[in-house]
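Okay, structure first, notes after.
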Amino acid sequence: MTDQINRVVLAYSGGLDTSVILKWLQQTYNCEVVTFTADLGQGEELEPARAKAEMMGVKPEHIFVDDLREEFVRDYVFPMMRSNALYEGLYLLGTSIARPLIAKRQIEIAKLVGADAVSHGATGKGNDQVRFELGYYALSPDIKVIAPWREWDLTSRTKLIEFAEQHQIPVSKDKRGESPFSTDANMLHTSSEGKVLENPWDEVPDYVYSRTVNPEDAPDAPEYITIDFERGDGVAINGEGMSPATLLSTLNDYGRRHGIGRLDLVENRFVGMKSRGMYETPGGTIYQLAHRGIEQLTLDRGAAHLKDELAPRYAELLYNGFWFSPEREMLQAAINHSQEKVSGTVRLKLYKGGVYVVGRKSPNSLYSEKVVTFEDDQGAYDQRDAEGFIKLNALRLRLLAKRDR
């Protein structure tokens, strides 16, 4: 087995788990390790990961620390947001949407450096192993995948720390105690799972939240903002044009200040078990409601209702790791087509954990005040037309009622 692997690209954060994986790969497979660290706006300093990889014997030219923030929001978050996808009606898919980009870049680096394998630090119990590996195989069908958590015998945090100490891998002080919960973060969200969160009856302790103030402590006055959309994507806040990543980052600041975007969820993992997670998606929560607000004016009823039928399917594909599948691409093409006239401005009110659409306008609006008014519409709508419309729709119900009487 070991002589088959010459070089492996590892998705590397610089934390305890992936540092142990780095050393374990070098030992177990006697191979060269290339590290890849993605900046997806998780808010952590990433240069220490470079220094740590170098210290552990990785060649400087084999250490990749890539800023993917704009690509992440432009090519992954925004296309997903066009669909209004929510997994199980609530979850904005913040972890799910980051995995295909990481997988794509890992495969690109593998081709660049001539690696014959890729590796990740996802456990054998979770969804991420599926998402990473479906991405790898879709983009490089013959790639070898190494998933240490499914192979090694380091089955506890204590064993990981013992391994790290044996091999002079630095362990930060906060890792020596039992981790109170595990987190994953990117520009769209932070997720927390495990330990103090495992009993679904217990309220999430306030110290678990890192991206939002407690709504009870948020400002006592509401704040109003506007978001401009063009063809289904946000392009400006309060009239100021912004790149995708800047726009999402700015909305995160508003969401943080007003305690917006907290979600306590018991969800169904793809691997079959239920898990309880806490998600914070401040900017994404504001953005998604605003996007629906502009669609209310600009999407025809038939298109809007069909989109709402497709959204759960789209969300499930993303959650399960099928970003690079033909069915996701088919859905995306339909969704993108629906957004051609979705342009205009939405005004929102932010207040103590809540976000509310309070105004919307669009040059492509299908809303006609003249038709809908309760005042004299001067013949724009003939109310007598409704009688035949109702009778035709009632015909089958009347026939059923007569038969069954």
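All residue numbers in this chain count up from 1 along the given sequence.
- Applying the salt bridge (charged side-chain N to carboxylate O under 4.0 Å, His left out) test to residues at least two apart or on different chains, the pairs with a partner in residues 117-139 are Arg99-Asp128, Asp128-Arg131, Glu133-Arg150.
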Checklist entry - Checking side chain to side chain contact (heavy atoms under 4.5 Å, CB included) for the pair Val342/Leu299: CA distance, chi angles, key distance, verdict? => result CA-CA 7 Å; Val342 180; Leu299 272 194; 4.0 Å; yes
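- Under the 4.5 Å side-chain criterion, counting only non-hydrogen atoms from C-beta, Asn186 is not in contact with Thr95.
- Considering only heavy atoms from C-beta on, Asn84 comes within 4.5 Å of His291 through its side chain.
- Every residue was checked against the ring-ring contact (aromatic ring centres under 6.0 Å, His included) condition with His258, not counting sequence neighbours, and none meets it.
- Panel note: side chain Asp67, backbone Arg69; a donor-acceptor pair is recorded below 3.5 Å.
- Side-chain atoms of Ile146 and Leu25, non-hydrogen and from C-beta on, do get closer than 4.5 Å to each other.
- For residues 231-254, the set of pairs meeting the salt bridge (charged side-chain N to carboxylate O under 4.0 Å, His left out) definition, not counting sequence neighbours, comprises Arg82-Asp233.
- Between Arg256 and Pro282 the shortest heavy-atom distance is N-CB, 3.9 Å.
- For the residue pair Thr123/Gln129, the side-chain donor-acceptor check at 3.5 Å is not satisfied.
- Side-chain atoms of Thr226 and Ile237, non-hydrogen and from C-beta on, never get closer than 4.5 Å to each other.
- With a 6.0 Å cutoff to the six-membered ring centre and a 45° limit on the axis angle, Arg262 counts as a cation-pi contact of Tyr209.
- Residue pairs that meet the salt bridge (charged side-chain N to carboxylate O under 4.0 Å, His left out) test with at least one member in residues 330-350, sequence neighbours left out, do not exist here.
- For residues 353-365, the set of pairs meeting the side-chain hydrogen bond (donor to acceptor under 3.5 Å, both in side chains) definition, not counting sequence neighbours, comprises Gln296-Arg360.
- The OG atom of Ser19 sits 15.0 Å away from the CH2 atom of Trp24 when rounded to the nearest 0.5 Å.
- Side-chain atoms of Asn127 and Glu267, non-hydrogen and from C-beta on, do get closer than 4.5 Å to each other.
- Proximity of a side-chain donor or acceptor of Asp376 to a complementary backbone N or O of Gln378 within less than 3.5 Å is detected.
- Atom CZ of Arg257 and atom CG of Asn252 lie 12.0 Å apart (nearest 0.5 Å).
- The ring of Phe78 has its center closer than 6.0 angstrom to the ring center of Tyr287.
- Using modelled atom types, one finds a donor on one side chain and an acceptor on the other under 3.5 Å when comparing Thr212 with Glu280.
- For the residue pair Tyr76 / Glu71, no side-chain donor-acceptor distance below 3.5 Å is found, with atom types taken as modelled.
- Between Lys370 and Thr373 there is no side-chain heavy-atom pair separated by less than 4.5 Å.
- Remark: His167 pairs with Phe163 by the ring-ring contact (aromatic ring centres under 6.0 Å, His included) rule, at least two apart or across chains.
- Within the 4.5 Å cutoff, no side-chain heavy atoms of Leu310 are placed close to those of His305.
- Side-chain atoms of Thr285 come within 3.5 Å of backbone N or O of Thr281 as a donor-acceptor pair.
- Side chains of Gln4 and Asp116: no donor on one and acceptor on the other come within 3.5 Å.
- The closest donor-acceptor contact from the side chain of Asn320 to the backbone of Phe322 lies at 3.5 Å or more, if one exists at all.
- Atom CD1 of residue Ile109 and atom CG of residue Asp66 lie 5.0 Å apart, to the nearest 0.5 angstrom.
- By the 4.5 Å heavy-atom criterion applied to side chains, Met278 and Ser191 are not counted as neighbours.
- Among Ile102, Leu10, Val118, Val113, the single residue meeting the side-chain contact (heavy atoms from CB on, under 4.5 Å) criterion with Phe36 is Ile102.
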